[in-house]
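These notes concern the structure reproduced below.
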Amino acid sequence: MLKVSFASDIDRLALTLNDFGRRQLPFAAKEALNAAAILAKQSLQAEMLRVVDRPKPWTINSLYIMKATKTRLESNVHFKDRWDSGGKSGVPAGVYLQSQIAGGPRGQKSHEKALARAGVLPPGYFLVPTKHADLDANGNMNAGQIVKIVSSLQAFSEVGFAGNWKGKGRSLGKRKDEHYFAVVPGRGQGRRGEIGGGGLPPAIYKVTGAGTGRLVLPVLAIVRQSPNYRPTFDFYGVAMRSAADHFPRLMGQALEHALRTARP
């Protein structure tokens, strides 16, 4: 779990107070820590909007605060273990943002795992959208096209390519005037000029039209190396800088309020 914690060392502050003031410290520290966590969460959300390419609402709303109490003077800001929407659960934002927080290669996405299980994506290979892929408003590959590709390819695989469009004895199927097939690395291909024939680089292809109007376009390149990310989301730095900027003021305000309103 990705999280950042804020704690308060009240022992040193207690030395400057009388007995009445020391009794108010746990309450004041709790209030200040929780206020600092709220501001840190807001800073992290603003940073996500700045550095993440068109983040979806559930990404922005994926942060959760575990509040401090008078007996546990620590507040945490962390990613939810999962996001839920309409009864469906998905990959936690803390998982798919990990590569942007720490950098390095990304793991396989769910549709890559499905196609790997179907034998379309060999071990160690990944899918990268091309300029012909359908992208949504957030810059991600359109979920509808992913569903079409996975449903078209995961039930069928053979030498040369995989798909379900009926033609020349091969089950290659049809999805609303769209056909999909895959040229798989390390496998033989059909005759040049055939759909899925020789000369095509490894990729998942979309076929539209027929006859002389047929169009074959690669929508997902099949690449050997996992896409690498450089760290762009300073999760820990943003949160800790926010706490350093605001906690002393918040602690002073909370203690002043506690002393002013406490019963003698």
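Residue indices begin at 1 and follow the sequence shown.
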I'd like to check the side-chain hydrogen bond (donor to acceptor under 3.5 Å, both in side chains) partners of [X]; sequence neighbours left out, ordered by chain and number.
{"X": "Thr130", "answer": "none"}
{"X": "Glu112", "answer": "Arg106"}
{"X": "Thr261", "answer": "none"}

Nearest 0.5 Å, what's the [atom1]-[atom2] distance between [X] and [Y]?
{"X": "Gln145", "Y": "Ile204", "atom1": "CD", "atom2": "CD1", "result": "10.0 Å"}
{"X": "Leu255", "Y": "Leu250", "atom1": "CG", "atom2": "CG", "result": "12.5 Å"}
{"X": "Lys206", "Y": "Phe181", "atom1": "NZ", "atom2": "CZ", "result": "12.5 Å"}

Do [X] and [Y] share a hydrophobic cluster, counting only Ile, Leu, Val, Met, Phe, Trp and Tyr and linking them when any side-chain heavy atoms are less than 4.5 Å apart?
{"X": "Val77", "Y": "Tyr236", "value": "yes"}
{"X": "Ile65", "Y": "Trp58", "value": "yes"}
{"X": "Leu220", "Y": "Ile146", "value": "yes"}
{"X": "Leu121", "Y": "Val223", "value": "no"}

Between Val52 and Leu97, does a side-chain contact (heavy atoms from CB on, under 4.5 Å) hold up when you go through it step by step?
-> CA-CA 9 Å; Val52 179; Leu97 289 178; 4.1 Å; yes
Tell me, which pairs form a side chain to side chain donor-acceptor pair (under 3.5 Å) where one or both residues lie in residues 246-259, sequence neighbours left out?
-> His246-Arg249, His257-Arg260
Taking only distance into account, with no hydrogens and no angle test, what donor-acceptor pairs under 3.5 Å do side-chain atoms of residues 238-245 form with protein atoms, sequence neighbours excluded?
from: Arg241; atom 1: NH1; to: Asp234; atom 2: OD2; distance (Å): 3.4
from: Arg241; atom 1: NH2; to: Asp234; atom 2: OD2; distance (Å): 3.4

Using side-chain heavy atoms (C-beta onward) and a distance below 4.5 Å, is [X] in contact with [Y]?
{"X": "Leu217", "Y": "Tyr205", "value": "no"}
{"X": "Ile149", "Y": "Val219", "value": "yes"}
{"X": "His111", "Y": "Leu127", "value": "yes"}
{"X": "Ser75", "Y": "Met66", "value": "no"}

Under 3.5 Å, sequence neighbours excluded: what are the donor-acceptor pairs made by side chains of residues 26-49?
from: Asn34; atom 1: OD1; to: Ala68; atom 2: N; distance (Å): 2.7
from: Asn34; atom 1: ND2; to: Lys30; atom 2: O; distance (Å): 3.3
from: Asn34; atom 1: ND2; to: Ala68; atom 2: O; distance (Å): 3.3
from: Ser43; atom 1: OG; to: Leu39; atom 2: O; distance (Å): 3.1
from: Gln45; atom 1: NE2; to: Ile60; atom 2: O; distance (Å): 3.1
from: Glu47; atom 1: OE1; to: Arg50; atom 2: NE; distance (Å): 3.2
from: Glu47; atom 1: OE2; to: Arg50; atom 2: NH2; distance (Å): 2.9

Where do Leu63 and Lys80 come nearest, in terms of heavy atoms and distance?
-> O-CE, 4.1 Å
Determine the minimum heavy-atom distance between Asn142 and Gly144, stating which atoms define it.
-> OD1-N, 2.8 Å
Can you sort out the partners of Thr232 under side-chain contact (heavy atoms from CB on, under 4.5 Å), two or more places apart, ordered by chain and number?
-> Gln100, Arg230
Could I get the full list of side-chain contact (heavy atoms from CB on, under 4.5 Å) partners for Pro185, not counting sequence neighbours?
-> Pro122, Tyr125, Pro202, Ile222
